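Source: prediction; values computed, not measured. Every number for a ligand or one of its atoms is a count from 1 in the order of the listing.
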Amino acid sequence: MSAYDDLMAFQRETEALGQVAGRLGWDQETVMPRGAAPQRAEEMAALTGVIHNRRTDPRIGTWLETAEASDEVEAAQLREIRRGFERTSRVPAELAAEIAKVTSTAQGIWAEARAADDFGAFSPTLDRVLELRREEAAALADGGDLYDALLEDYEPGTSATEIEALFNALRPRLVDLRARVLASGTQVEKLTGDFPEDGQLKISEQLARAFGYDMSCGRIDRAVHPFSSGSGLDVRITTRTSLGDPFNCFYSTIHEVGHAAYEQGISTDFLLTPLGRGVSMGVHESQSRIYENQLGRGRAFTGYLFGRMKDVFGDFGVADEDAFYQVVNRVAPGMIRTEADEIHYNLHVMLRFDLERALISGDLLVKDLPGAWNDRFEADFGVKVDKMSDGCLQDVHWSVGLFGYFPTYTLGNVYAGCLNQALRAAVPDLDAHLARGDTAPATGWLRENLQQYGGTYLPSDIIERASGRALSVEPLLTYLEAKFAEIYSL
Ligand code: ZN
């Protein structure tokens with residue numbers, strides 16, 4: 001056995017244990033009995049310890065010194081293993097343990113503070129989480145930028161400066177488009193009435209299948225906050241239902257199917273290896289967003305969805321496909337990111353990106369966060385934040401230390417814009433297929449040009465390869481401006 005083979009055999013077991021840990025997490029959010037929580041915490045801690053020991057095993061360093069790659073794929077495997085090993089080796093074990101301990105209780109404290117609309121109840125915890133993550137970032141950055149060091153976990157190969165440049169190009173035109181839509185005088189109706197939940201779940205499964213989700217290697221369950229989980233041959237998704245808001249269920253399902261299809265689309269040659277999962281959060285989000293928005297909220301596919309809803313719910317008060325397309329794409333300035341339309345969503349993300357960079361750099365103190373949030377929100381959205389749970393307490397991310405994660409949501413949208421442009425050029429009659437609920441030409445193109453490669457290429461490289469152009473916000477902006485100019489008669 002060569003050093004490369006030894007290393008890969010060792011890594012494969014670590015990857016398998018990582019999948020088991022992920023499945024325990026899935027179980028906890030879906031079907032685990034509530035009374036099992038204390039035991040589960042101990043089970044998870046034990047497994048996490050085993051995995052951590054394997055990831056920092058000194059033999060990895062020795063193997064990496066002598067392992068040689070014989071082709072591009074093996075080189076990429078070594079690149080990913082080296083990146084992970086160097087990262088875990090740089091962070092002192094005590095610090096890693098303290099971060100795990102503090103963030104495991106911080107989420108509960110955040111949830112209680114949010115329910116009570118009480119920032120003061122969360123602020124000392126956030127202070128501590130921030131302090132630990134800054135310490136970790138300093139260990140990782142080795143004198144470089146702290147925020148970039150954290151970003152590397154979610155979007156390798158990019159920097160805050162690059163993201164800032166993209167966002168600076170995006171923000172003025174989004175703010176302008178938002179203002180023109182709201183001033184247009186066009187009233188788009190909202191869906192009203194009740195939609196029985198068994199009917200929602202039936203359509204949800206049809207949608208998952210329509211978007212190519214392989215149910216023989218997956219399953220759909222319900223969760224409070226929808227997510228997808230797993231890689232390779234076991235990729236599961238969750239959705240949720242809300243009696244008066246079936247779109248929440250349908251578009252959560254399509255979004256999670258986008259994530260799951262990426263994992264299911266990766267070449268099985270990479271099963272249980274570092275290349276056998278999505279390369280970054282941003283690329284992952286590009287898949288969920290293009291399925292959800294450019295495909296799922298497009299005129300052609302909403303025509304198909306309108307028919308399915310009429311089959312299941314009868315006449316639900318929307319006259320025809322054109323009116324339905326408007327209802328699906330209604331623009332409304334809300335305070336909650338996860339409920340935002342395609343225009344407002346990115347403004348939510350940019351607000352968080354700027355504030356968390358300032359928190360990490362030390363320019364913004366935790367005690368000043370609510371004021372900074374509220375001022376920025378009013379400037380971008382034209383509305384005053386009414387309460388903390390609609391403001392800086394709404395997202396779970398910072399409580400669990402996920403600084404550097406937020407920008408990947410908008411990067412995903414920017415990537416999706418580039419991919420959509422290339423997809424439409426490659427498949428000119430795509431809409432004729434989508435109108436019949438046939439997404440195969442789109443999902444096939446994405447699998448062929450992006451998904452199959454898993455972690456082989458760095459995020460910006462795979463997006464540029466697949467879309468055949470340099471990364472740019474232009475395709476996303478052109479798409480949004482054309483779509484909403486038509487809906488709102490701008
Ligand atoms: Zn997502």
* To do: Using distance alone, with no hydrogens and no angle criterion, decide if Gln394 and Arg352 have a side-chain donor and acceptor under 3.5 Å apart.
  => yes
* **Considering only N, O or S atoms of His255, the one closest to the Zn ion (ligand 1)** => NE2
* Asked: What about the rings of Phe324 and Phe247, do their centers lie closer together than 6.0 Å?
  -> yes
* Which angle, to the nearest 10 degrees, do you find at the Zn ion (ligand 1) between OE1 in Glu285 and NE2 in His259? -> 90°
* **Between Glu356 and Tyr147: side-chain donor-acceptor atoms closer than 3.5 Å** => yes
* To do: Please determine if the Zn ion (ligand 1) has an N/O/S atom from His284 lying under 2.8 Å away.
  => no
* Thinking salt bridges, do Arg337 and Asp395 make one under a 4.0 Å N-O criterion? -> yes
